[in-house]
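Below: the structure, in structure tokens.
Proteins get letters first, then strands, A, B, ... in listed order; numbering begins at 1 in each.
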Amino acid sequence: MTTINFNKIEKKWQDRWETSKIFEVKENKKQKYYVLEMFPYPSGSGLHMGHALNYTIGDIFARFKRMNNFNVLYPMGYDSLGLPAENAAIKEKQHPKKFTNNSINKFIKQQKSLGLSYDWSRMLKTSDPEYYKWNQYFFLKFLEKGLIYRKKAPVNWCKKCDTVLANEQVHNGKCWRHENQEVELKQLEQWFIKTTKYADELLERVDELEWPERIKTMQKNWIGKSHGTEILFDVNGEKWPIFTTRPDTIYGVTFLVIATQHERLTELVTKEQLPKVKAFLKKAKSTSQKDLDALEKEGAFTGSYATNPITNEKIPIYTGNFVVADYGSGMIMAVPAHDQRDFEFAKKYSIPIKIVINPEDYDLNPEAITRAFTGDGRLTNSEEFNNLKNREAIEEITKQLIKKKLGKKTTQYKLKDWLVSRQRYWGTPIPIIYCDDCNIQPVPEKDLPIKLPEKITFGKGNPLTTNKSFLETKCPKCKKPAKRETDTMDTFFDSSWYYLRYTDNKNSTKPFQESKVKYWLPVDQYIGGAEHACMHLIYARFFTKALRDLGFLSFDEPFTKLFNQGMLHGEDGFVMSKSRGNVILPEEVSKKHGIDTARLFLVSVASPDKDIHWSEKGIEGSTRFMKKLHEFYLSSKPTKSSRRLESKLNKTIKLITEDITNFKYNLAVIKLRELLDIFIEEPSSKKDLESFLKLLTPFCPHITEELWEKIGNKPFISLQSWPTYDESKIDEALEKQEQTINKTLSDISNILKIMKEKQNTEPKNIYLYVMPNELKIYNEPTLSKRINKPTKVFAVNDKNKYDPENKSKKAKPGKPGIYLE
RNA sequence: GCGGUCUUGGUGAAAUUGGUAGACACGUUAGAUUCAAAAUCUAAUGUCCUAAAAAGACUUACAGGUUCAAGUCCUGUAGACCGUACCA
């Protein structure tokens with residue numbers, strides 16, 4: 001038994017790949033293929049097996065496409081701006097830049113040791129001013145185009161930190177650093193991008209994407225287009241629009257509810273009600289929807305009233321924590337009889353419940369109902385609309401509202417405009433200057449990038465607000481002293497266009513050269529987790545469309561195909577993560593088993609779109625395979641391939657090609673295992689031995705390079721062409737026969753076992769009775785050898801057969817009668 | 001609350017359009033090899049009935065339904081997970 005020095009082999013080939021630059025690409029005449037994994041946030045703890053799985057999935061695909069003669073762009077970069085670096089700065093007193101660069105270097109080293117075939121010359125980091133300069137540039141372009149505006153929006157505020165907290169930094173309504181400090185909500189003027197301008201296109205084009213259906217459904221629901229009616233309610237002499245999909249229930253409206261986070265809530269709160277409302281608002285724990293839903297459905301009376309435009313009834317306005325501020329107008333008309341949440345709210349605050357729709361077969365009793373009736377029926381208590389079917393009433397009532405100029409038909413989206421302002425240091429500075437005289441001024445393009453100052457103090461507020469050298473500047477218009485914007489951009493801005501920058505990552509005069517983007521884009525295969533279904537993937541799609549309309553691009557969708565990999569779980573069954581403490585490090589696995597073994601194991605456990613469970617025992621199976629492979633190739637002597645091997649090989653090439661194309665790597669590995677066993681049993685030609693290595697090389701690139709060289713070839717197998725198959729060599733009948741014979745042999749051994757155990761007899765001769773047309777597939781010497789007993793085979797219609805117990809009657813097609821004596 | 005996903009042997013899992021459930025691997029057991037062990041090889045291995053299944057019954061979280069046929073489609077129940085807009 002030879003031991004394989006995996007690590008030596010790995011190092012050897014990783015070095016050779018790097019020095020020969022074989023994975024670096026340029027635009028050429030070949031057909032391009034762009035494979036991209038969602039770039040990582042370089043966390044301080046480095047990458048674990050879960051990341052390794054993600055990149056292995058992409059690397060296999062990139063290697064496969066490369067061997068199929070595509071010009072493959074396969075780059076890697078780092079989403080290196082963001083909260084964790086800043087948290088580390090606060091907690092560990094380390095500068096975010098240093099923290100980030102250390103993390104990136106660690107990531108690169110680890111990724112290289114996984115044997116990933118990236119074009120490293122295209123690497124990018126979003127924390128590099130040469131990158132975020134273009135964030136600022138695009139921000140200004142969007143501003144010019146009218147895609148950006150300012151509006152008040154709530155933030156989580158910690159008094160002790162004197163700063164805004166991310167939802168993640170709020171734990172049970174308390175600050176992450178100050179356990180006793182209740183988080184407050186504060187309204188701040190912030191920057192928004194009009195993503196809703198593209199809502200329709202984002203929705204419509206979902207259908208043309210080759211993405212998993214569930215992701216497409218999630219996106220559609222996230223955009224959430226719905227048709228309805230906007231009704232104007234009179235509040236203190238002003239018309240407030242209210243969006244509803246149920247104008248048929250207008251006669252049943254007994255109160256209005258405004259969102260607790262509504263910009264104009266305070267205008268509605270009367271002096272008398274102020275203390276009550278304030279007390280209620282304090283219960284809000286953070287701006288996150290999750291936290292909001294965890295709260296009991298509650299509200300408070302604002303003290304104001306509105307007038308129902310149809311009935312002219314005076315109805316109270318409440319504020320409630322179940323109303324979403326950014327949807328519709330942030331205020332709803334409540335119909336307790338026909339909406340369950342309104343019903344519960346009305347019960348809680350003793351608000352009247354008025355029935356305006358009855359089911360077809362009986363009348364509801366307002367005193368007796370225990371829940372809202374949300375089904376269809378006929379109108380009641382609705383004056384001239386009584387007895388109308390409610391579906392028709394939606395149309396009729398809307399018509400009348402339009403006639404009276406009290407409402408209109410509208411479309412609403414759940415999709416909100418994108419709040420890009422962040423009150424943090426480690427992000428792209430928003431290129432805006434505030435001047436007392438000239439107001440809000442964009443930074444001139446020639447002054448970009450606005451770099452983050454290096455000398456800063458952490459711990460109290462946003463470091464940018466206290467940094468004079470950053471803050472103080474001159475107004476670009478009147479040249480008087482002015483102040484810079486201290487908000488930075490949401491990092492989703494960075495990740496919305498990075499896939500474009502890879503095509504031209506060193507360009508210092510433009511974000512990218514149009515011709516390069518035209519050659520490489522769109523991304524043919526994007527790979528990443530389903531957690532990005534709604535946010536990153538919508539922002540990136542939006543960005544593409546916005547840049548298209550600004551004349552930078554000439555395509556509509558950034559990611560033609562999308563693959564969602566599953567998550568890696570540790571041996572304890574939980575998702576692998578540092579905080580769980582169940583991480584497996586690639587370095588350690590590599591030392592023990594070799595990285596090829598780990599790659600093979602990771603993709604063979606289960607279908608890559610499902611969650612994968614790591615198993616220290618399970619990887620042994622892959623190790624055995626690698627040893628078997630290595631040993632076989634070192635001792636193999638090429639001759640001429642047998643028919644059986646040729647059939648199996650050609651069929652396997654065909655099937656594995658399909659499997660890899662469909663990301664069914666687990667099935668491909670199974671076929672490779674079966675194929676190797678045939679190679680071990682049967683004679684094979686040099687060409688076929690080479691084909692096997694080619695099929696395996698996307699999965700195990702190092703050992704296959706090594707064996708490719710050992711059997712007398714020049715490097716690199718990574719640059720070889722994918723094997724083709726010859727349909728005429730695939731012999732399905734041969735495989736069927738093999739199955740039949742195996743089944744028969746297993747039956748015989750079973751009978752032998754029983755006879756030995758129970759009767760204590762050991763038959764000497766075996767007789768098989770088979771269908772006459774199947775006679776040719778049973779080879780007597782082979783059978784005798786495999787059973788280790790003399791075996792005779794008869795056709796059931798053979799008059800001279802030896803069959804004392806008439807077992808030939810038992811024979812069926814594919815299943816012979818068996819007699820032993 | 002809204003939206004999405006999952007549940008198959010002792011374990012990880014397969015099952016392309018609804019068509020032989022459990023491929024492949026781990027583990028376990030037995031045998032071979034060995035002074036012995038490890039490694040390797042060979043065989044068996046869903047559950048139950050049975051002396052024995054080559055020839056019985058049952059079996060894909062649970063309860064129903066559609067169908068000649070359901071792990072797969074539909075309805076409901078239970079449990080687990082993901083996203084929910086300042087984590088990326």
Map W418(A) and A530(A) onto RNA chain B by nearest heavy atom, then report which one ends up closer to the 5' terminus.
A530(A)
Across the strands shown, which category fits K416(A) at heavy-atom distances under 4.0 angstrom: base, sugar-phosphate, nothing?
base
When we call it a touch if two heavy atoms are under 4.0 Å apart, what does R673(A) touch: a base, just sugar-phosphate, or nothing?
sugar-phosphate
Please work out whether the ring planes of Y665(A) and F663(A) are parallel, tilted or perpendicular, with thresholds of 30° and 60°.
tilted
Parallel, tilted or perpendicular, judged at 30° and 60°: which one describes the rings of H51(A) and F107(A)?
perpendicular
So which protein nitrogen or oxygen atoms get under 3.5 Å of nucleotides 9-17 of chain B's nitrogens or oxygens?
residue : atom : partner : partner atom : Å
rA13(B) : OP1  : H613(A) : NE2          : 3.3
rA14(B) : OP1  : S607(A) : N            : 2.8

Let me spell it out: for each of C534(A) and E168(A), pick the nucleotide of RNA chain B with the closest heavy atom. Which residue's pick is nearer the 5' end?
C534(A)
Using 30° and 60° as the class boundaries, would you call the ring planes of Y498(A) and F39(A) parallel, tilted or perpendicular?
parallel
Taking the same atom, C1', in rA13(B) and in rG22(B), what whole-Å distance lies between them?
9 Å
Atom-pair distance (CZ on F322(A); P on rU84(B)), nearest Å:
23 Å
hbond_proxy Q289(A) side chain to rC2(B) base (donor-acceptor, 3.5 Å cutoff)
no
Looking only at side-chain atoms of R424(A), point me to the closest of rC87(B), rC86(B), rC26(B).
rC86(B)
Does the side chain of D291(A) come under 3.5 Å of the side chain of S286(A) through a donor N or O and an acceptor N or O?
yes
Under 4.0 Å, counting only non-hydrogen atoms across every strand here, what does F492(A) touch: a base, just sugar-phosphate, or nothing?
base
For atom P, what is the distance between rG64(B) and rA70(B), given to the nearest Å?
15 Å
Rounded to the nearest Å, what distance is computed from the CG atom of residue L81(A) to the P atom of nucleotide rC86(B)?
16 Å
Verdict with reasoning, H48(A) to K578(A), per side-chain contact (heavy atoms from CB on, under 4.5 Å)
CA-CA 9 Å; H48(A) 59 62; K578(A) 203 200 168 195; 5.9 Å; no
Closest approach to the side chain of R624(A), judged atom by atom: which nucleotide of rG27(B), rA85(B), rC87(B) is it?
rG27(B)
So if I take every side-chain heavy atom of N156(A) and compare against rG4(B), rC86(B), rC26(B), which nucleotide ends up nearest?
rC86(B)
Less than 4.0 angstrom between a side-chain N/O of R422(A) and OP1 or OP2 of rC86(B), yes or no?
yes
When you compare rG83(B) with rU77(B), how far apart are their P atoms, in angstrom units rounded to a whole number?
25 Å
Involving RNA chain B, stems made of at least three consecutive Watson-Crick or G-U pairs, both distances under 3.5 Å:
B:1-7 with B:78-84, B:10-12 with B:24-26, B:27-32 with B:40-45, B:46-48 with B:56-58, B:61-65 with B:73-77
Close aromatic pair by centroid cut-off 6.0 Å: W418(A) and F192(A)
no
Regarding T428(A) and N135(A), do their side chains bring together a donor and an acceptor under 3.5 Å, going by distance alone?
yes
Examine H338(A) together with F343(A) and report whether their ring centres are nearer than 6.0 Å.
no
Euclidean distance, atom CZ of residue R214(A) to atom P of rG3(B) [Å, nearest integer]
17 Å
Which is true for D293(A) with a 4.0 Å heavy-atom rule: it touches a base, it touches only sugar-phosphate, or it touches nothing?
base
Whole-Å distance, Q565(A) CD to rC82(B) C1', equals 13 Å
Examine Y526(A) together with W211(A) and report whether their ring centres are nearer than 6.0 Å.
no
Any base atoms under 4.0 Å from I215(A), or only sugar-phosphate, or nothing? Heavy atoms, all strands.
nothing
Go through it in stages, so that I can follow the logic: the residues are Q190(A) and K151(A), the test is side-chain contact (heavy atoms from CB on, under 4.5 Å), and I'd like the CA-CA distance, side-chain angles, deciding distance and then a yes or no.
CA-CA 5 Å; Q190(A) 308 194 61; K151(A) 193 180 83 171; over 6 Å; no
Compute the centroid of each ring, for F493(A) and then for W191(A), and state whether the two points are separated by less than 6.0 Å.
no
Roughly how many Å apart are rU66(B) and rC73(B), using the C1' atom of each and rounding to a whole number?
8 Å
With a 4.0 Å cut-off on heavy atoms, is S495(A) in touch with a base, just the backbone sugar-phosphate, or nothing at all?
nothing
Looking only at rU5(B), rC86(B), rA23(B), the nucleotide nearest the N167(A) side chain is rC86(B)
Specify the separation, in whole Å, of atom NZ of K220(A) and atom P of rG4(B).
12 Å
Using the P atom as the point on both nucleotides, what is the distance between rU45(B) and rA25(B), in whole Å?
15 Å
C1' atom, rC2(B) versus rU60(B): distance in rounded Å?
31 Å
Per the glycosidic torsion and the 90° limit around 0, nucleotide rG12(B) is anti
Does N221(A) put a side-chain nitrogen or oxygen below 4.0 Å from OP1 or OP2 of rC2(B)?
no
Please state the C1' separation for the pair rG1(B) and rA85(B) - nearest whole angstrom.
16 Å
How would you label the contact of T491(A) with the nucleic acid (heavy atoms, under 4.0 Å): base, sugar-phosphate, or nothing?
sugar-phosphate
Taking any heavy-atom pair under 4.0 Å as a contact, classify V170(A): base, sugar-phosphate, or nothing.
nothing
Ring centres of Y499(A) and F559(A) under 6.0 Å apart?
yes
Taking atom C1' in both rG19(B) and rG71(B), what distance in whole Å separates the two?
13 Å
Just call it for V155(A): base, sugar-phosphate, or nothing, with non-hydrogen atoms closer than 4.0 Å on any strand.
base
Determine whether a donor-acceptor pair (one donor, one acceptor, N or O, separation below 3.5 Å) exists between the side chain of Q190(A) and the base of rC86(B).
yes
At 4.0 Å (heavy atoms only), tell me whether H532(A) reaches a base, stays on the sugar-phosphate, or touches nothing.
base
When rounded to whole Å, the CE to C1' distance for the pair M567(A) and rA80(B) reads 12 Å
Separation of E213(A) atom CD from rU5(B) atom P, in whole Å?
10 Å
Donor + acceptor pair across side chains of E298(A), N321(A) (<3.5 Å):
no
In whole Å, I'd like the distance from the CZ atom of F699(A) to the P atom of rA25(B).
16 Å
Check every strand shown and say whether W222(A) touches a base, only sugar-phosphate, or nothing at a heavy-atom separation below 4.0 Å.
base
